[in-house]
> 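Here it is, the structure, as structure tokens.
Lettering of chains follows the sequences in order, A, B, ..., and the numbering in each one begins at 1.
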Number of protein chains: 2
Amino acid sequence: MQQCETPAAQAACSVLEVLGRVSGKWSIGILLVTTQGPARFTELERQVKGISRRMLTLTLRNLERDGLLTRTVYPTVPPKVEYTATPMARELYDSLLSLTGWAERHLHEIDRARADYDAEAAVAADGARTPALTG
Amino acid sequence: MQQCETPAAQAACSVLEVLGRVSGKWSIGILLVTTQGPARFTELERQVKGISRRMLTLTLRNLERDGLLTRTVYPTVPPKVEYTATPMARELYDSLLSLTGWAERHLHEIDRARADYDAEAAVAADGARTPALTG
DNA sequence: CCGTATCCGAAAAGATACTG
DNA sequence: CAGTATCTTTTCGGATACGG
């Protein structure tokens with residue numbers, strides 16, 4: 001990876017780029033809200049449950065820097081700042097829907113795989129505690 | 001987020017689920033290689049540039065646990081272990097192509113946005129050092 | 001209201017020696 | 001060959017006091 005030479009590797013690099021931007025713990029939540037329409041800082045703080053002030057600011061700045069969000073300051077008192085998803089961000093959100101589809105189709109399968117794996121791991125650990133009953 | 005009540009929020013939650021699985025620093029790289037065909041441990045260590053032994057093992061285990069990778073051990077000496085992407089993983093990779101497309105379409109735009117943002121930030125910082133020349 | 005600055009703990013990740 | 005165990009470094013994220 002990260003040499004991006006072959007076409008396939010190139011694709012992977014782009015994906016990694018996007019994921020890097022979007023995979024933060026809070027990015028998608030913010031993108032979601034701001035895609036519905038302009039949102040103010042405190043509004044986001046309430047709607048994106050569990051986010052801290054610090055992380056809200058940081059994530060907003062990053063998204064703004066990447067051109068996914070526009071920040072509009074109204075020089076009123078008290079201050080008013082609105083964040084809106086850019087067209088590019090809306091397009092991204094559409095692309096994410098493809099992932100959503102995959103997730104919905106396979107969530108059960110994944111859960112089952114996990115359960116199986118964990119069960120296997122459990123018996124393996126047990127086997128290690130009481131070894132070689134088959135003599 | 002993370003209450004998943006409204007349909008839109010539900011979608012976001014699924015996406016977050018997937019991203020959580022796939023957004024690790026190395027997951028996609030591994031998925032890419034194993035989607036091309038079975039790969040052995042050392043092979044992956046070489047192909048996924050920069051990965052440490054530890055992270056390779058951890059990521060492989062997680063992907064296996066989620067049912068995205070199958071692990072096949074050949075009881076030979078020296079040992080031989082092969083990792084292969086499951087059909088579910090191949091499907092996921094197809095979905096990621098949608099993101100790849102978005103990334104390719106907008107990489108320039110993003111770079112420009114970043115440059116603009118950083119330039120703005122620079123002049124703002126400079127303005128703070130030498131304030132109020134406009135009197 | 002809208003942030004920034006600071007401090008701290010948790011978690012991720014790197015390096016690498018060691019083992020079946 | 002294919003890992004595991006251990007130690008250290010780095011990054012991420014939460015709490016919160018303060019400022020325009």
> Please report the shortest heavy-atom distance between A/Ser95 and B/Leu99, naming the atom on each side.
CB-CD2, 3.9 Å
> Judged by atom type as modelled, is there a donor-acceptor pair below 3.5 Å linking the side chain of B/Glu120 to the main-chain atoms of B/Tyr117?
no
> OP1, OP2 of D/dT11 versus side-chain N and O of B/Lys25: anything below 4.0 Å?
no
> What do the steps show when you test A/Ile30 against A/Leu63 for side-chain contact (heavy atoms from CB on, under 4.5 Å), and what is the final call?
CA-CA 9 Å; A/Ile30 292 176; A/Leu63 292 175; 3.8 Å; yes
> If I compare all heavy atoms of B/Ala89 with all of B/Leu68, which pair ends up nearest, and what's the gap?
CB-O, 3.2 Å
> Can you list the residues that meet the side-chain hydrogen bond (donor to acceptor under 3.5 Å, both in side chains) rule with B/Arg114, with sequence neighbours excluded?
A/Asp66
> Can you give one letter per nucleotide of nucleotides 1-7 of chain D, going 5' to 3': B for a protein heavy atom under 4.0 Å from the base, S for sugar-phosphate only, - for none?
BSBB-B-
> Mind checking which nucleotides bracket the chain A contacts on DNA chain C, 5' to 3', with an atom under 4.0 Å from a heavy atom?
C/dC1 to C/dT6
> Could you tell me which residues satisfy side-chain hydrogen bond (donor to acceptor under 3.5 Å, both in side chains) with B/Arg71, sequence neighbours excluded, listed by chain and number?
B/Tyr83
> Applying side-chain hydrogen bond (donor to acceptor under 3.5 Å, both in side chains), can you list everything that pairs with A/Arg53, at least two apart in sequence or on another chain?
A/Glu45
> Between A/Glu82 and A/Lys80, which heavy-atom pair has the shortest distance, and what is it?
OE2-CE, 3.7 Å
> List the atom of B/Leu69, the atom of B/Leu31, and the distance in Å for their closest heavy-atom pair.
CD1-CD1, 3.9 Å
> Find the bend of the helix from C/dC1-D/dG20 to C/dG20-D/dC1 as the angle between its two terminal axes (five pairs each), to the nearest 10°.
40°
> CD/A/Glu64 to OG1/A/Thr57 distance, rounded to the nearest 0.5 angstrom?
11.5 Å
> Given atom CD of A/Glu45 and atom C1' of D/dG14, what is their separation to the nearest angstrom?
13 Å
